[in-house]
J.: 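Sharing a structure below in structure tokens format, with a few things to ask.
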Amino acid sequence: MAPFVALWEEEKARLEEEANRPPTDEELAAQAVAEARAQSRSILMARMQADMVQTGAFAAAEFATFAKAGLFTDWAAGQSYAKGYRLAHKGIVYEVMQEVTALENQPPDATGMLAVYRPLSVDPETGEEPDGSREHPFAFLYGMDVTKDSYYSYEGKLWLARADMPACVWVPGTAGLWQWEEASAA
């Protein structure tokens with residue numbers, strides 16, 4: 001038994017000595033390369049993610065998820081935004097439709113701002129995964145793109161869109177409008 005104990009003690013001492021010795025120049029260089037690669041991966045993944053949410057085509061529910069995750073810049077007065085830029089305001093994702101310098105009294109959800117900011121996501125309060133079906137309607141947002149034959153909920157009722165309505169400013173239930181048909185209570 002004693003020879004094994006002696007071997008164990010020798011190996012233990014060797015490992016402790018190796019652990020306590022300063023790293024060689026080669027080991028330091030390899031460590032620096034490994035750290036730079038890890039940092040590069042993080043930077044590239046963040047950049048690809050940022051580029052993807054700015055340019056990719058996503059469903060309204062996906063935009064809402066990205067907004068919850070903080071992947072979009074929050075709208076701020078005084079900032080200049082290029083056409084096509086996507087940003088968040090009060091949990092809703094908007095696409096900038098024309099170059100603009102944001103003004104305090106003209107946030108994306110203000111009346112008359114649809115020519116500048118187009119909503120892309122549904123109201124973040126619902127938490128649903130809408131697909132426009134009767135069972136999972138989209139929450140209607142003033143100014144959103146409305147798709148023919150999709151269902152939308154608005155003020156406790158269910159509505160069927162009878163036409164495509166880009167940047168829709170006609171709320172469901174507008175008198176005399178054939179583009180909306182009440183389907184039933186939501």
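Residue numbers count from 1 along this sequence. Quick caveat: nothing in here was measured; it's all calculated off a predicted structure. Any value given below was found using the heavy atoms of this structure, including those in side chains, with hydrogens, waters and symmetry copies removed.
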J.: Taking the inter-plane angle between the rings of His89 and Tyr94 on a 0 to 90° scale, is it parallel (under 30°), tilted (30 to 60°) or perpendicular (over 60°)?
T.: tilted
J.: How about His136 and Tyr151: do any of their side-chain heavy atoms sit closer than 4.5 Å?
T.: no
J.: Looking only at heavy atoms, which two atoms of Tyr117 and Val100 are closest? And how far apart?
T.: OH-CG1, 3.7 Å
J.: What is the distance from atom OG1 of Thr174 to atom OH of Tyr154, rounded to the nearest 0.5 Å?
T.: 7.5 Å
J.: Can you tell me how far apart CZ (Phe66) and CD (Gln54) are? Round to the nearest 0.5 Å.
T.: 11.5 Å
J.: Return the minimal non-hydrogen interatomic distance between Ala67 and Gly91, and the atom names on each side.
T.: CB-O, 3.8 Å
J.: Can you check whether Trp170's main-chain N or O pairs, donor with acceptor, with Trp180's side chain at less than 3.5 Å?
T.: yes
J.: Looking at CG of Leu158 and CD of Glu181, how far apart are the two atoms once the value is rounded to the nearest 0.5 Å?
T.: 10.0 Å
J.: Within this structure, what is the CG-NZ distance for the pair Leu160 and Lys148, rounded to the nearest 0.5 Å?
T.: 10.0 Å
J.: Which heavy atom in Ala102 sits nearest to a heavy atom in Trp75, and how many Å separate them?
T.: CB-NE1, 3.2 Å
J.: Considering all heavy atoms of both residues, which atom of Thr101 and which atom of Gly78 are nearest to each other, and what is their separation?
T.: CG2-O, 4.0 Å
J.: To the nearest 0.5 Å, what is the distance between CD (Gln179) and CZ (Arg162)?
T.: 11.5 Å
J.: Decide, yes or no, whether a salt bridge links Glu95 with Arg86 under the criterion of side-chain N to carboxylate O below 4.0 Å.
T.: yes
J.: Using a strict cut-off of less than 4.0 Å between a Lys/Arg side-chain nitrogen and an Asp/Glu carboxylate oxygen, indicate whether Arg14 and Glu11 qualify as a salt bridge.
T.: yes
J.: Any chance the side chains of Tyr81 and Thr73 put a donor and an acceptor closer than 3.5 Å?
T.: no
J.: Within a strict 4.5 Å, meaning less than it, do heavy atoms of the Gln31 and Leu28 side chains meet?
T.: yes
J.: Could you tell me whether the side chain of Glu18 reaches within less than 4.5 Å of the side chain of Arg21, counting heavy atoms only?
T.: yes
J.: Side-chain heavy atoms nearer than 4.5 Å, only ILVMFWY residues, links allowed to pass through others: does that put Met97 and Tyr85 together?
T.: no
J.: Got a donor-acceptor contact below 3.5 angstrom from the Tyr152 side chain to the Thr147 backbone?
T.: yes
J.: Nearest heavy-atom pair of Leu87 and Val96: which atoms, and what distance?
T.: CD2-CG2, 3.8 Å
J.: Apply side chain to side chain contact (heavy atoms under 4.5 Å, CB included) to residues Phe58 and Leu120 and explain how you reach the verdict.
T.: CA-CA 9 Å; Phe58 300 101; Leu120 298 176; over 6 Å; no
J.: Might you confirm whether atom CD of Glu27 has over 12 heavy atoms from other residues, nucleotides or ligands at distances under 6.0 Å?
T.: yes
J.: Shared ILVMFWY cluster between Leu103 and Val116, side chains joined below 4.5 angstrom?
T.: no
J.: For Pro166, what residues pass the side chain to side chain contact (heavy atoms under 4.5 Å, CB included) criterion, not counting sequence neighbours?
T.: Asp145
J.: With a cut-off of 3.5 Å and sequence neighbours excluded, list every side-chain donor-acceptor pair involving residues 38-47.
T.:
{"unit_1": "Ser40", "atom_1": "OG", "unit_2": "Ala36", "atom_2": "O", "d": "2.8"}
{"unit_1": "Ser42", "atom_1": "OG", "unit_2": "Ala38", "atom_2": "O", "d": "3.4"}

J.: Quick one: closest heavy-atom pair of Ala167 and Arg118, and the distance?
T.: CB-NE, 3.3 Å
J.: Heavy-atom distance under 4.5 Å between the side chains of Phe63 and Pro119, does that happen here?
T.: no
